[in-house]
Amino acid sequence: MLEVTISVSSDVYYIDLDDEEFKQKWNQIRASLDNEIWKKYRRGNAKKRHNIDGIILELAIKKGMFDETPDFMVKCTYTSFIPNTTSNFPNGRELVIRNLDIIKKVAEV
């Protein structure tokens, strides 16, 4: 296991994907990009899974639809440890580091 220390100073911009304000903005972004995405990605695993949020998120970042380019993003998620189970209750929190310069220390624990 790794322990990663990142900088969260005032010049680091991040998006909490669970934040209520973000969720409202996300609904607008998704609605504005949804048709473009489905036309562009007619085939593929993301479309088969109906899990295209990551593609829309990346496109929104590239189009400058957020205040800044995020250095990192966080989201509560559910990972199934028992085959064929799902839940609406998260059992983990994911961290996506987009700007590797914010990593200050990495240690094996």
Side-chain angles (χ1 to χ4, degrees):
M1 184 184 318
L2 294 177
E3 180 178 5
V4 179
T5 304
I6 62 172
S7 171
V8 289
S9 63
S10 61
D11 59 329
V12 172
Y13 178 70
Y14 76 96
I15 298 174
D16 181 346
L17 302 175
D18 294 312
D19 179 74
E20 289 303 318
E21 193 173 307
F22 172 80
K23 288 178 185 179
Q24 291 175 6
K25 185 172 187 165
W26 175 249
N27 289 334
Q28 295 168 353
I29 288 170
R30 186 176 175 116
S32 70
L33 297 177
D34 206 34
N35 287 335
E36 182 179 339
I37 290 296
W38 289 113
K39 288 177 186 174
K40 187 174 182 179
Y41 296 94
R42 292 192 173 133
R43 295 189 183 120
N45 290 333
K47 187 169 184 175
K48 286 180 194 173
R49 290 188 314 265
H50 296 283
N51 188 5
I52 203 134
D53 291 335
I55 295 170
I56 293 174
L57 187 56
E58 286 299 319
L59 184 59
I61 291 168
K62 286 180 183 171
K63 288 185 172 233
M65 299 176 93
F66 297 109
D67 296 334
E68 298 178 46
T69 299
D71 294 299
F72 70 93
M73 297 178 287
V74 292
K75 173 85 174 100
C76 290
T77 59
Y78 175 78
T79 300
S80 174
F81 296 102
I82 302 169
N84 302 316
T85 60
T86 60
S87 176
N88 289 320
F89 296 98
N91 61 2
R93 187 146 170 95
E94 292 186 37
L95 168 69
V96 176
I97 300 173
R98 296 177 49 83
N99 176 2
L100 299 180
D101 293 336
I102 69 170
I103 296 174
K104 299 301 171 199
K105 180 178 142 186
V106 178
E108 192 171 336
V109 293

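All of these numbers come straight from a predicted model, not from anything done at the bench. Worth knowing before you read on, the calculation uses all heavy atoms, side chains too, and leaves out hydrogens, waters and symmetry mates.
- Shown here for Asp18 and Cys76, the closest heavy-atom pair between the two residues is OD2-N, 2.6 Å.
- Rounding to the nearest 0.5 angstrom, the gap separating the CG atom in Leu57 from the CE atom in Met65 is 11.0 Å.
- The two residues Ser87 and Phe89 come nearest to each other via the heavy atoms OG-N, 3.0 Å.
- Atom OG1 in Thr5 sits 11.0 Å away from atom CD1 in Ile102 (nearest 0.5 Å).
- Of the residues Ile97, Ile103, Asn99, the one that meets the side-chain contact (heavy atoms from CB on, under 4.5 Å) test with Asp101 is Asn99.
- Rounding to the nearest 0.5 Å gives a distance of 8.5 Å between CG of Leu17 and CZ of Arg93.
- Under the 4.5 Å side-chain contact rule for hydrophobic residues, Val74 and Val4 share a cluster.
- Shown here for Phe66 and Tyr13, the closest heavy-atom pair between the two residues is CB-OH, 4.1 Å.
- The structure places CG of Asp19 at 9.0 Å from CD of Gln24, a figure rounded to the nearest 0.5 Å.
- The number of heavy-atom neighbours closer than 6.0 Å to NZ of Lys104, taken from other residues, nucleotides and ligands shown, is above 12.
- With hydrophobic clusters built from ILVMFWY side chains whose heavy atoms lie under 4.5 angstrom apart, Val106 shares a cluster with Val12.
- Put simply, the side chain of Phe22 reaches to within 4.5 Å of the side chain of Ile15, judged on heavy atoms.
- If you run side chain to side chain donor-acceptor pair (under 3.5 Å) between Ser80 and each of Thr86, Thr85, Asn91, only Thr85 comes through.
- Closest approach of Val109 to Leu2, counting heavy atoms only: CG2-C, 4.4 Å.
- In this structure, CZ on Arg98 lies 3.5 Å from CD1 on Ile61, to the nearest 0.5 angstrom.
- Partners of Lys25 by salt bridge (charged side-chain N to carboxylate O under 4.0 Å, His left out), not counting sequence neighbours: none found.
- Here Asp53 contributes atom CG and Ile56 contributes atom CD1; the two are 6.0 Å apart, rounded to the nearest 0.5 Å.
- By the 4.5 Å heavy-atom criterion applied to side chains, Tyr14 and Pro70 are not counted as neighbours.
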